[in-house]
Amino acid sequence: MSLRIVVTVKYVPDATGDRHFADDLTVDRDDVDGLLSELDEYAVEQALRIAENSDDDVEVTVLTVGPEDAKDALRKALSMGADKAIHVEDEDLHGTDAIGTSLVLAKAIEKAGYDLVISGMASTDGSMGVVPALLAERLGVPQVTLLSEVSVEDGVVKGRRDGDTASEQLQASLPAVVSVTDQSGEARYPSFKGIMAAKKKPVTSWDLSDLDIEADEVGLENAYTKVESAAERPARTAGTIVKDEGEGGKQLAEFLASQKFI
Amino acid sequence: MAEVLVYVDHVGGVVRKPALELLTLARRIGDPVAVALGEGAADTAGTLAEHGAVKILTHDAAEYAEYLVVPKVDALQAAVEQVSPAAVLVSSSAEGKEIAARLALRIGSGIITDAVDLQASDEGPVATQSVFAASYTTTSRVTKGVPVITVKPNSAAVEQAPAAGAVEALNVTFSEQATGTKITSRTPRESTGRPELTEAAIVVSGGRGVGGAENFALIESLADSLGAAVGASRAAVDAGWYPHTQQVGQTGKTVSPQLYIAAGISGAIQHRAGMQTSKTIVAINKDPEAPIFDLVDYGVVGDLFEVVPQLTEEIKARKG
Ligand SMILES: Cc1cc2nc3c(=O)[nH]c(=O)nc-3n(C[C@H](O)[C@H](O)[C@H](O)COP(=O)(O)OP(=O)(O)OC[C@H]3O[C@@H](n4cnc5c(N)ncnc54)[C@H](O)[C@@H]3O)c2cc1C
Ligand SMILES: Nc1ncnc2c1ncn2[C@@H]1O[C@H](COP(=O)(O)O)[C@@H](O)[C@H]1O
């Protein structure tokens, strides 16, 4: 048997950089270095572990929708150990929202062929955490999301989802869409060998016409939501900072009392 | 007046606080119609009516507890078809966002997640969001379909606003996808007796500086002296000192309390993402250069093992 895993990975601006909005109120991707979203490394990691633990023939494809530079994210995933990559790139994609992105991803996943889709829990820039659910809805397959533990055996995916009020064990038949949290297991670092091997792995490029998507189904103009304003949060006014010389706790209590917290 | 659907998060009929906050926001846009599903759904009616629900649509079936997310989407879609609302509001829990997203796709609507405020306008509700680790504030609108908006806890006050609150049964036919993902077992989270992290007025968090699981007792005592919830940084959670459910930050919970106290936490961007909108911020850290001090209203440079116990004692003494 064979198992085809597609891992969706996003190329995002570095969260530790100074992130801004561009004039059209989309995320400015020019000023800040981009990278593979750290939360998607966990998705790649779980795909590789499933492959390593399986007797089946497993093929791991990483898929991104993003600008030219998004190839960096694919390279990173390939150097971790994924087998091949797909890059969906098209000028008309600029400014596409979650609904549109999920359309493009779903079409690409179907074209690539899949048994299992693995996504991150959320992207580190938009961090909506909705794309995996949208993919399951579009593909018409079970959604097995926000797993901190995942396993695949005999065409069934199982996992643990730690929710607000309970921890749940989930189970679904393949094909399915899974998303994994940062509790699922530390992601590996690419080895030197992995980095060299990645240079030779195939990266397929598709544009909208390859996916039979019309320009008016995606992009900023056709988004389902509109950002009307973006303002930098005013810097917090500098607070009082005291050095503890034996009375620090009491001074803090005095402050809390002055603010009516005690 | 237009009706606004409010999805009610409840546990066995006990309405969770974020759902009541949604009713406050819904009343700015129209008449709130609540949707409560699953076991105890009808028991929510009294509370919901007191807080402004003109109508409560309820439905109970085993599917809601036995299968993930989709049965709730089916029900909410049925409610949208029955009511033709001006907007649909859901609270921004992990599950809430997934329900909202799938609903939006089905009804051809746009979705906004994690709103921290909501105002009516001629062109529909305008949502305020806090993005890039809360360094930017944006306003957005849904431009297609019935706006579906998820709202973070603590974004509005709970208000009494008695309304009719007539209970009506909702007619739900489950889709083929509804039974796709089976919940084979469920272990409820043990109650700590402390307030819910995302709902608490005061949160006291500990980080790597706390130095060990056993030392979290110090953080808990301080929290208890203030009636606060306890949070933790990812470093403390990854070390196994405190449960992940209590993690504050990008991959944990977002909190926005009246008072946030950080002890032994450096203030990394991913931690700030989860607490930066707190009203008053206080930190105790032995490193005067720790980035957390850029955020504080009051900071103590010192050893938390000295400062925290003294603070706890002083609070207890003052409270008598
Ligand atoms: C994708 C991603 C997601 C993440 N999500 C989160 C998240 O949700 N939440 C989160 O918190 N982090 C998150 N992180 C991790 C984050 O980057 C930091 O590593 C983490 O917040 C550090 O935790 P800390 O402040 O407790 O530890 P440190 O950064 O190690 O800081 C410990 C602090 O304690 C002080 N200290 C030590 N001893 C004492 C003492 N005796 N008294 C007083 N002070 C003392 C030190 O001076 C130091 O400032 C994420 C990272 C990534 C990449
Ligand atoms: N442009 C994209 N390309 C590939 N995968 C994406 C993209 N956007 C989102 N995803 C996937 O969906 C997950 C959740 O993203 P989001 O809903 O944007 O927070 C991410 O962790 C990715 O796995």
Report summary line: Honestly, the part of V300(B) sitting under 4.5 Å from a heavy atom of chain A is both
**Report entry** Atom group of D238(B) that falls short of 4.5 Å from chain A, counting heavy atoms
**Finding:** side chain
Requested in this report: Output yes when K76(A) and E41(A) qualify as a salt bridge under the 4.0 Å nitrogen-oxygen rule, no when they do not.
Outcome: yes
Query raised in the report: At a heavy-atom separation under 4.5 Å, does E190(B) approach chain A through its side chain, its backbone, both, or neither?
Result: neither
Query raised in the report: Any ion pair linking R318(B) and E254(A) (charged N to carboxylate O, less than 4.0 Å)?
Result: yes
**Report entry** Structural part of K316(B) lying under 4.5 Å from a heavy atom of chain A
**Finding:** neither
Query raised in the report: Given the options V157(A), T181(A), T124(A), V131(A), which has more heavy-atom pairs under 4.5 Å with chain B than any of the others?
Result: T124(A)
Query - Proximity breakdown for V282(B) and chain A, heavy-atom pairs closer than 4.5 Å - result: side chain
**Report entry** Contacting region of L39(A) [heavy-atom separation from chain B under 4.5 Å]
**Finding:** side chain
**Report entry** CA sep, side-chain torsions, deciding dist, call: E196(B), R189(B), salt bridge (charged side-chain N to carboxylate O under 4.0 Å, His left out)
**Finding:** CA-CA 12 Å; E196(B) 192 63 39; R189(B) 243 176 72 193; 3.7 Å; yes
Query raised in the report: Side chain, backbone, both or neither: which part of E98(B) has a non-hydrogen atom closer than 4.5 Å to chain A?
Result: both
Report task. Among L36(A), I118(A), V65(A), find the residue that satisfies the side chain to side chain contact (heavy atoms under 4.5 Å, CB included) test when tested with V9(A). Result -> L36(A)
Report task. Would you mind checking which part of L226(B) comes under 4.5 Å of any heavy atom in chain A, side chain (CB onward), backbone (N, CA, C, O), both or neither? Result -> side chain
Query - I183(B) portion near chain A, given a 4.5 angstrom heavy-atom threshold - result: both
Report task. Please say which of E168(A), R161(A), K158(A) ends up in a side chain to side chain contact (heavy atoms under 4.5 Å, CB included) with L147(A). Result -> R161(A)
Requested in this report: Using non-hydrogen atoms and a 4.5 Å limit, figure out which bit of I99(B) sits close to chain A: side chain, backbone, both or neither.
Outcome: neither
Query - Part of V296(B) lying under 4.5 Å from any heavy atom of chain A - result: both
Query - Heavy-atom contact with chain A under 4.5 Å, split by part of L197(B) - result: neither
Report task. Heavy-atom distances under 4.5 Å only: say whether Q143(A) touches chain B with side chain, backbone, both or neither. Result -> both
Query - Structural part of L295(B) lying under 4.5 Å from a heavy atom of chain A - result: both
Report summary line: Residue pairs meeting side chain to side chain donor-acceptor pair (under 3.5 Å), one or both in residues 240-250 of chain A, sequence neighbours left out, come to none
Report task. Examine whether an atom of T312(B) lies under 4.5 Å from a heavy atom of chain A, and if so say whether it belongs to the side chain, the backbone or both; otherwise answer neither. Result -> neither
Query - Atom group of D114(B) that falls short of 4.5 Å from chain A, counting heavy atoms - result: side chain
Requested in this report: Output the option from P13(A), A136(A), G163(A) having the highest count of non-hydrogen pairs under 4.5 Å with chain B.
Outcome: A136(A)
Query - Salt bridge flag under 4.0 Å for residues D115(A) and R4(A) - result: yes
Requested in this report: Give, as side chain, backbone, both or neither, the part of A223(A) having an atom under 4.5 angstrom from any heavy atom of chain B.
Outcome: backbone
**Report entry** Region of D97(A) in contact with chain B, defined by heavy-atom distances below 4.5 Å
**Finding:** neither
Query - R16(B)/E95(B) ion pair, N-O < 4.0 Å - result: no
Requested in this report: Measure distances from M121(A) to the heavy atoms of chain B and classify the residue's part below 4.5 Å as side chain, backbone, both or neither.
Outcome: side chain
